[in-house]
Amino acid sequence: MRKIYLHVLMLFLGVLGAHGQIKIKTNPADTSNYQSRKLKIDEINLVSAYYHQTGNNSAVTGGIGTEKLSDFANTIDLQLSKYNKAGNKNTFLFELGVDHYTSASSDKIDPSTISSASMADTRVYPSLNWTHSNEKTGNAFGFTGSFSTEYDYQSLGAGFNLTRLSKDKNTQFDFKLQAFLDTWKVILPIELRSAASLGNGHESRSEGSSPRNSFSASLALSQVINQKLQAQLIIEPAYQKGLLATKYQRDYFTDGSLRAETLPDQRYKLPIAARLNYFATDQVIVRTYYRYFMDNWGIRAHTAEIEVPVKLTSFISLSPFYRYNKQTGTKYFAPYGQHDPAAQYFTSDYDLSTLNSDFYGAGIRLAPPHGVFGWQHLNMLELRYGHYSRSTGLVSNIITLNLKVK
């Protein structure tokens, strides 16, 4: 189910992206004598992650009940490049991801079944990016296409990326546009389904399909302040339209009635973030991050993060991190049985409630000069662990393994 993956993906990307630093391109080698080259493999990244969560506020059963879920995610990135006669570089990045989850909460969509179709699902999501870059100036542009499919959700995506550097290479501007045109099955809780949709097999039949389209932009300005300090400002406005409610999630009202989750069909989001990286010594970097989030549903959130990579040896580094989030929930949220029967919109999804959360852990990175375990092409191995807990009672753990082959 798409709802589950959005939550897992946020943590997954948080773990993998937390250690990323601002990259300002330096002057490349002279490419004036470059000849057109054949396509070659630059690197291959293999990432595997295991995620497990527990909690007792399942939105499927109206804000009560188990949130137990396990997810095993795997992605492979294949980066290839080719220089043209002018010395410009064409980079092709192919990514294939496969996630598989099991969920006790989504199995309650139809509790009369021993094992419904929603108890386990597999998501497959390939994407391809082409970027054309001038290595003399550092300027680049590119396009991305993507596809994602799972039991109740299909998505088509397209994107554009642009990079511009100043002449002294100390200032970098990145611009991205993305669009996702999605379709998902309208699956209702068993109690709310029409007789025509029940048929034989219950959840094998749905109430039809509905679109959900998402459009977003990202503007990032990076600046080298001095040899020790780098800063970045990021603005990422987004707009969604279509079926934004998860219709198999129940809501209970003060008069004892039951309805499927209902939310507005439009949503505007505006995250504004800043990064500050301080190179304290040759062995220690302090990376900080802050983000403010707001939307037209009334959600406001503050996120602060710090990570301190420490180089233990020339090829081993340790990176402890901590992230804190404080969120004011949407005006449409109410706990189990507390919704007003006259309300137009309503949800008991605790992801949209007022909450605080903590996410902390550490990563260890190995990049020996002669390759990991003596294999020259295995350029890097990174293992990261994160523990997440929030005030609503949800607790999760995630462990990721990243291998880079060059």
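Every heavy atom of this structure was used, including side-chain atoms; hydrogens, water molecules and symmetry mates were not.
The two residues Asp121 and Glu150 come nearest to each other via the heavy atoms OD2-CB, 3.4 Å.
Here the options are Arg267, Gln240, Lys269, the test is side-chain hydrogen bond (donor to acceptor under 3.5 Å, both in side chains), and the partner is Ser214; only Gln240 passes. Of the residues Tyr322, Tyr324, Phe321, Tyr385, the one that meets the ring-ring contact (aromatic ring centres under 6.0 Å, His included) test with Phe359 is Phe321.
Ring geometry for Tyr332 against Trp297 counts as perpendicular: the plane angle is over 60°, on a 0 to 90° scale with 30° as the lower cut. Between Tyr252 and Tyr336, the ring-plane angle classifies as tilted under the 30° and 60° cut-offs. Between Trp130 and Phe141, the two ring planes are perpendicular [angle over 60°; tilted spans 30° to 60°]. Ring orientation note: the planes of Tyr239 and Tyr268 are tilted relative to one another, at an angle of 30° to 60°. Under the 30°/60° scheme for interplanar angles, the aromatic rings of His52 and Tyr50 are found to lie parallel.
Side-chain contact check for Val224 versus Thr171: every heavy-atom pair is 4.5 Å or farther apart. Within the 4.5 Å cutoff, the side chain of Pro211 has no heavy atoms near those of the Trp184 side chain.
Taking CG of Asn56 as the start and NZ of Lys68 as the end, the distance is 11.5 Å to the nearest 0.5 Å. We find the NZ-NE2 distance between Lys82 and His132 to be 11.5 Å, quoted to the nearest 0.5 Å. Note that the CZ atom of Phe92 and the CG atom of Leu78 stand 11.5 Å from one another [nearest 0.5 Å]. Residue Leu243 holds its CG atom at 9.0 Å from CG of Asp265, rounded to the nearest 0.5 Å.
Taking the ring centre of Phe253 as origin, the terminal cationic atom of Arg259 falls inside the region bounded by 6.0 Å and 45° from the ring axis. Cation-pi geometry between Lys185 and Tyr153 is not met: the NZ or CZ atom fails to fall both under 6.0 Å from the ring centre and inside 45° of the normal. Annotation: cation-pi pair Arg287/Tyr289 absent, no NZ/CZ under 6.0 Å from the ring centroid and within 45° of its normal.
We find that Lys404 and Glu382 are not joined by a salt bridge, their nearest charged nitrogen and carboxylate oxygen being 4.0 Å or further apart.
By the neighbour-count criterion of 12 heavy atoms within 6.0 Å, atom CG of Asn226 is densely surrounded, having more than that number from other residues, nucleotides or ligands. The environment of Lys326 atom NZ is sparse: at most 12 non-hydrogen atoms of other residues, nucleotides or ligands sit within 6.0 angstrom.
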Given Glu307 and Arg275, is the salt bridge (Lys or Arg N to Asp or Glu O under 4.0 Å) satisfied, shown in steps?
CA-CA 11 Å; Glu307 180 172 2; Arg275 294 184 185 274; over 6 Å; no

Candidate pair Phe215 and Phe180, rule ring-ring contact (aromatic ring centres under 6.0 Å, His included), full reasoning
CA-CA 7 Å; Phe215 307 93; Phe180 294 96; 9.3 Å; no

Step by step, work out the side chain to side chain contact (heavy atoms under 4.5 Å, CB included) result for Thr246 and Asp349.
CA-CA 9 Å; Thr246 306; Asp349 185 344; 5.7 Å; no

